[in-house]
Amino acid sequence: MNDRPSLNALRAFHAVARTGSLSAAAAELSVTTSAVSRQIRNLEESIGLALIVRDGRGVRLTADGRELQNGLSDAFLKIAQSVDGLRRPALGEKLRVMVPPIFASTWLLPRLGRFREIRPEIEIVLLDSREMVSASSLDEVVVEWGVFEEDATTVCTRLTDNEEIFPVCGPGACPGPGLAGATLLEREVVGRGWNWPDWPTFLAAVGLAGIETEGTSALTARLLLEAARQGRGVILACTTIAREDLAAGSLVRPVPESLPVDDSYWLLVYRPAFRRPEVRAFAAWLGEEAGRGASE
C-alpha cells in the first residue's frame, strides 16, 4: 500500500490494544467510540490487514495486531522518552506514577518516605491514573484496581490479595440500625470506570436490597473517603483502603456483610519501560512493600 497510516489511527489502535475495549480507548483519547472504530477501520484498510476481532463487549488482537502493537509500544515509548529527556532535570531522575487517589492517600503516601530514603536521586511524581493519556504515559508505571494478566506489552505485579468490598462510615453516621436511613455515597465515574459494584449491585449481592436509605449522592474519588470520615455518608471500600481507618476508629462498619472479589490493586509497567533503571527500582521496591504489608 502506498498510503501510510495516520498517527491518529496508530494511537487509536494502540489504545484499543492496551485497554481491550473501544469505549475505554475512546475515553483515554477524549473522542467518541465511533471515532475510534472508524480510525481502526481506516488503519486496517490502509495496511490491508485485520488487526482486531470483536469479542463480546471487548476486542482481541489478531496475530498481525499483536505484532503491530509490540512495535508501536517501542515507538511511542521512544517518542515519550525523547520529549521527557528535554525537560528532565540534569540531576536525578523523575518518575511519574499513575495511581488512583484513594490508593495514593491511604497506602502509597505513608510508605513513600522509605523509598526516598533508599533512592533519593529518583523524584516520584504522583498523578491521577483516571486522567492517564496512553501516548504520553508509556514510560511510566501505573497502579490500577482490577484483574490483569501479563502480555507481550505489559508486566503485571499484584500488590494486594484477598480483597473484600464492604460499607464503611464515620462513627454515628447511620441514624438507624445498619444502613437504615443512611446516605449512600457513590464514586463519580469520569473517563475510564472501575470494575466496582454500585450500591444497588452490592446490596443485592449481599442480601440487603430491601433497606430504606436516604438515597445516593455521587462524589469524586478524591473526596469520597474524607466524606465518609467526616460522617457525611456511607461508602463502599475495599480491605486495603479501609484497614488503617478501621484500626484507628475513624471509620466503622455499620453492617457485617461484605462481598469477596477477585479484583485487587496491581502495578502495571510497559515492558520497554523496564529498561529504565528508575522504573525497575521503584517496581522492585513497591513489590517489597506489598509483601511487607501482607505480613503486617
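Excluded from the calculations below are hydrogen atoms, water molecules and symmetry mates; all remaining heavy atoms, backbone and side chain alike, are included. Predicted, not measured: the structure shown is a model, and the values here were computed from it.
- Applying the salt bridge (Lys or Arg N to Asp or Glu O under 4.0 Å) criterion to E67, with sequence neighbours excluded, gives no partner residue.
- In terms of the side-chain hydrogen bond (donor to acceptor under 3.5 Å, both in side chains) criterion, residue partners of S37 (sequence neighbours excluded) are, by chain and number, R54.
- Under the side chain to side chain contact (heavy atoms under 4.5 Å, CB included) criterion, A25 pairs with A15, V16, T19, V36, sequence neighbours left out.
- No hydrogens or angles considered: a donor-acceptor pair under 3.5 Å links the side chains of W266 and S264.
- Between W107 and F103, the ring planes are parallel. Angles under 30° get that label, and only those over 60° would be called perpendicular.
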Table please: side-chain donor-acceptor pairs of residues 165-178 below 3.5 Å, with sequence neighbours left out.
none

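- For the residue pair R18 and Y270, a side-chain donor N or O sits within less than 3.5 Å of a side-chain acceptor on the partner.
- Remark: R119 engages E121 in a salt bridge (Lys or Arg N to Asp or Glu O under 4.0 Å) (not counting sequence neighbours).
- In this structure, the side-chain hydrogen bond (donor to acceptor under 3.5 Å, both in side chains) partners of R232, at least two apart in sequence or on a different chain, are Q230.
- At least one donor-acceptor pair closer than 3.5 Å links the side chain of E44 to the backbone N or O of L51.
- With sequence neighbours excluded, no residue satisfies salt bridge (Lys or Arg N to Asp or Glu O under 4.0 Å) with R66.
- Judged as a side-chain hydrogen bond (donor to acceptor under 3.5 Å, both in side chains), and not counting sequence neighbours, the contacts of D263 are N195.
- Residues passing the side chain to side chain contact (heavy atoms under 4.5 Å, CB included) test with A205, sequence neighbours excluded: L259.
- Taking the six-membered ring for Trp and thresholds of 30 and 60 degrees, W285 and F115 have ring planes inclined between 30 and 60 degrees apart.
- Partners of S258 according to the side-chain hydrogen bond (donor to acceptor under 3.5 Å, both in side chains) rule, which considers only residues two or more places apart in sequence or in another chain, are E164.
- Residues that satisfy the side chain to side chain contact (heavy atoms under 4.5 Å, CB included) test with V125, not counting sequence neighbours, are K94, R96, E123, L127.
- Applying the side chain to side chain contact (heavy atoms under 4.5 Å, CB included) criterion to T106, with sequence neighbours excluded, gives L225, R229, I241.
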